[in-house]
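Accompanying notes for the structure given below.
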Amino acid sequence: MRWWARARALRLSPAVFVAVQLGAVLGTGLPDLPFPALLGGSSLGVPLTFVLALVPVWTLMHGRARVDARQEAVAVRPVGHYDRLVQVVLVACAAAAAAVLHGAGAWQLAWAFPRDFAGYLGIAGLASAVTGARYAAVAPTLFMMLAATTGSAPDGRIHRWAWCLASPGDPLAAGVALALFVAGLAGVGGLVFGRLRVG
Amino acid sequence: MRRPARLRVSAAACLAPLLAAWCYVYARENVLTFLVRGDWPAATGALAVMLCCTVPATATVAAWEGGRHRAIAATLAAAARHPLVPAARALVPAGVVAAVGMAASCAAVLPAAAGGPLGAPVFELIGVYAVIDVGYAAVGYTLGRLVPVAISLPAALLGSFWCVGFPRAFSPMWIGDIDGGRLEDCCSTLDRLPAPRALIAPLLVAAGMVAAGAVVAMWRGRRSWSVAAATGCVALGVVLAAGAVRDADPLGDAGVARPVSAMTCAGTRPTLCLWPEQEPRRQSILASVRTASERLRLVGVSVPATVSVSPDDHRPGRLDVPLLYPDPSRADILTAVADAAVTVHEPACAAGDPHAWKAGPVIGTVQAWAHLAVGVTDTGSTWRQAVTAARQVRDRPLAVQAAWYRANTAALRGCTAGPQPVGAFTQASSGGPR
């Protein structure tokens, strides 16, 4: 397991994760990041939290891209389960931190961070079936940019599909994010897109 | 590397057709729709928004190439070539992507601007867009060289989009001038041209970015120092650019007033000065201006013998009627002439204290009355009270209206008299039949 952790550069991801979550909490006072509206919607101010949740996904995918997936596929140890465990633990940590911060009334956007993190991870997991882990993190990034630039109606309402920008209490958005996360974990991407694999 | 192999390994080959299609459709739907036809600077300036599409694609492709050089440890190789040569060649696919995206955008938008007698896009602006793309390509390549590709690709994608899209949303507004984000607003009307400062600032930033890329590509020592040096280069570029634009008008756009000497004046009663783009419609514009000035004279409003369409033409003896588009409608012209003819500037005695200008509140009524006088039924004024009062004035004989207007204009030029109600003027006091 120690070799696995080193190969994954696993010290990086939790460190980045903690730093990012701290940044998201401390950054609540900062102004929202304005995104230009591209398709006639209204220009959105996206809170830093929604964007920062992407960064740990990049580092996790970097960790998975460092090794040869074909070699690992025949490993004796359940390396795939280790990877899933890390993802579940990080999402659980984010949720626990959110619960504490929300309970303390310290952070209004508390629940948005674990939701977006889990959803982005799910998209990256699904995409990695096609592109390989090395290029998978581009998918949630692109999705976030698309949602931020085209995900709002002219009256400022956020479209349902742009779940990552919904208000933290939106149950549908949370459900979509959770479903994506589970699908990514379960390797649904491999089942659906396995034949398309390019990476 | 042989060309077919280059095509096969580069992300550009996949991305360029997609980007071209996206840019063409997006520019047609979202840039062209809001564009006034026949104004080349406006069309070229509006293309600045397309940087939000081309820059992220360029930076991502460059990061991909940088990642390939990182993977083969390009600097460690015993290279016979100067280290900048492979770096520059790696930027070629990124440049191709940028060029394809910009060409598609131009193809969607610029033909619509054709028909203006100036006859050419503003090539300085297109050059600045190209340089901005190159700058972000250099940063993307550098990122790809320094950071694992799993991180550098999304970081280049999101980061470059951010840098090109966001600064214009910040306050103070000159921040948006630094990287060219506000060039979009530079020249949407005929009386504006892109400001030199708004062109130079993005060039300085791009130069800093290219220098950063060169520093990292050539660095032989510790990598952390190269990062520091590269950051320093970009920071220097930003600081220089900020210095170039900081003194700009905080509320102004990235444009400057077009020299009034570009206008040609012709005709009599009134002599009409038009921008070259409006020249083909001189007869219809002149007819509307003439109608407006005759109707205004009828109610006692004098219109100078020369009418100029630039709001910045403050030469004496001219009426500045801001007609800012190539093809103004008749109602627009009538309204603009009426507004300009009855405009009274705040007198010196009222400076700093709006209450001192006792007659000030009557301005709205005078304007609405002038609109009605030139025959604009929909006065466009949202101030219903003023429109109602103006209609009451319009119901009076023409001589009474003229007396009312003279009295109120005199009151507006000073601070002693208040608004003059129309009831104070009668047929007898002003004389003359209706």
Could you pull out the closest heavy-atom pair between Ala137(A) and Ala150(B), with the gap in Å? CB-O, 3.9 Å

Check whether any side-chain heavy atom of Leu153(B) sits under 4.5 Å from a side-chain heavy atom of Trp58(A), and report yes or no. no

So does Trp161(A) have more than 12 non-hydrogen atoms from other groups sitting under 6.0 Å from CH2? yes

Check whether more than 12 heavy atoms from other residues, nucleotides or ligands sit under 6.0 Å from atom CZ of Arg8(A), and answer yes or no. yes

Which portion of Leu142(A) sits near chain B, non-hydrogen atoms under 4.5 angstrom: both

Just verifying a value: how many Å separate Phe161(B) CZ and Thr141(A) OG1, rounded to the nearest 0.5 Å? 12.5 Å

Against chain A, label Ala155(B) side chain, backbone, both or neither, depending on which of its atoms sit under 4.5 Å from a heavy atom there. both

